[in-house]
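Each ligand, and each atom within it, is numbered from 1 in the order the structure gives. If you're wondering where the values come from, they're calculated on a predicted model, not measured in any experiment.
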Amino acid sequence: MTRCRIGVLASGGGSNLQAILDHLAALGDARRGDVVLVASNRPDAGALDRATRAGVERAVLRSPHAPDGDELEDVLARHAIELVALAGYMRLIPAAVAQLYHGKMLNVHPALLPDFGGTGMYGARVHRAVISAGAPLSGPSVHFVDEVYDHGPVIAQWPVPVLAGDDEHALAARVLRAEHLLYPRVVDAVAGGEVQLDAEGRVQSERFTSPRLPTMDPMLDDVTLAIRLDAALGPALRR
Ligand code: GRF
């Protein structure tokens with residue numbers, strides 16, 4: 001089987017990158033893609049160290065504050081990237097690249113979009129906004145990327161309870177646990193061609209028929225959560 005060539009763009013520590021690498025490794029021969037490139041706008045990004053440890057090729061973008069379309073397109077083309085996964089990438093994707101990778105570029109956002117997303121909504125700000133709004137649920141949204149921050153069609157969302165007394169750190173940690181389980185599964189599914197965008201920009205998938213999953217129970221351990229999540233998503237469609 002030919003596997004999809006995945007490129008990950010990251011600006012920070014890269015815990016989601018690590019979750020993707022670990023999940024694909026755990027799937028073994030059943031995985032539908034391989035991470036073959038990690039690119040970052042920051043030379044000191046922890047994600048690049050993780051790439052080195054995993055033996056994955058790495059690239060540092062030359063213009064850290066505003067990597068332009070040509071530069072990004074060039075890096076992705078040189079590595080023949082078919083699917084791009086943003087994992088804490090803090091720069092806007094230029095329109096030309098978003099169009100080139102239409103239906104082939106994913107992001108994970110740490111709140112239930114369309115709420116609490118958009119320009120300036122990243123990191124602790126997201127979680128503070130969720131808590132101040134008194135929202136009972138937060139949780140990761142995995143979505144296709146377009147040229148607007150946090151705007152493209154949502155594929156999957158896993159609601160996570162906001163608990164009494166939560167500060168942004170406690171909530172961020174709970175949501176991150178859910179991200180680490182959900183995002184790699186969606187990346188593998190898209191790599192396997194299970195999720196597509198139709199001409200109207202709607203998500204088409206036999207498996208991801210409605211984006212909202214049952215609410216995560218944070219009292220459960222990760223192994224049990226993964227089993228519950230896999231049951232909710234249903235078996236991967238092998239072609
Ligand atoms: C995550 O919270 C993700 O939702 C957001 O950026 C953060 C990245 O964290 N897009 P990491 O670098 O993967 O640890």
Atom pairs and distances, side-chain donor-acceptor, residues 102-110, under 3.5 Å, sequence neighbours left out:
| from | atom 1 | to | atom 2 | distance (Å) |
| --- | --- | --- | --- | --- |
| Asn107 | ND2 | His143 | NE2 | 3.1 |
| His109 | ND1 | Asp150 | OD1 | 3.4 |
| His109 | NE2 | Phe116 | O | 2.7 |

Fill in: Heavy-atom neighbours of Arg58 CZ exceed 12 at 6.0 Å
yes
Discussion item. Heavy-atom count check: over 12 atoms from other residues, nucleotides or ligands less than 6.0 Å from Gln204 CD?
Written reply: yes
Give one line per pair: atom of ligand 1, protein atom, distance. Only N/O to N/O under 3.5 Å.
| from | atom 1 | to | atom 2 | distance (Å) |
| --- | --- | --- | --- | --- |
| ligand 1 | 2 (O) | Glu179 | OE1 | 3.4 |
| ligand 1 | 2 (O) | Glu179 | OE2 | 3.2 |
| ligand 1 | 4 (O) | Val108 | O | 3.4 |
| ligand 1 | 4 (O) | Glu179 | OE1 | 2.8 |
| ligand 1 | 4 (O) | Glu179 | OE2 | 3.2 |
| ligand 1 | 10 (N) | Val108 | O | 2.9 |
| ligand 1 | 12 (O) | Gly14 | N | 2.8 |
| ligand 1 | 13 (O) | Ser15 | N | 3.2 |
| ligand 1 | 13 (O) | Asn16 | N | 2.8 |
| ligand 1 | 13 (O) | Asn16 | ND2 | 3.1 |
| ligand 1 | 14 (O) | Ser15 | N | 2.9 |
| ligand 1 | 14 (O) | Ser15 | OG | 2.5 |

Worksheet item: In chain order, what residues pass the side-chain contact (heavy atoms from CB on, under 4.5 Å) check against Asp146, with sequence neighbours excluded?
Response: Val148, His151
If you look only at distance, which donor and acceptor atoms sit under 3.5 Å apart when one is on a side chain in residues 33-44 and the other is two or more places apart or in another chain?
| from | atom 1 | to | atom 2 | distance (Å) |
| --- | --- | --- | --- | --- |
| Asp34 | OD1 | Arg31 | NE | 2.6 |
| Asp34 | OD1 | Arg31 | NH2 | 3.2 |
| Ser40 | OG | Ala10 | O | 2.6 |
| Ser40 | OG | Arg42 | N | 3.0 |
| Ser40 | OG | Arg42 | O | 3.1 |
| Asn41 | OD1 | Ser11 | OG | 2.7 |
| Asn41 | ND2 | Pro64 | O | 3.1 |
| Arg42 | NE | Asp44 | OD1 | 3.1 |
| Arg42 | NH2 | Asp44 | OD1 | 3.2 |
| Arg42 | NH2 | Asp44 | OD2 | 2.9 |

Item to complete: Look at Asp167 together with Arg128 and state whether they make a salt bridge at an N to O cut-off of under 4.0 Å.
Response: no
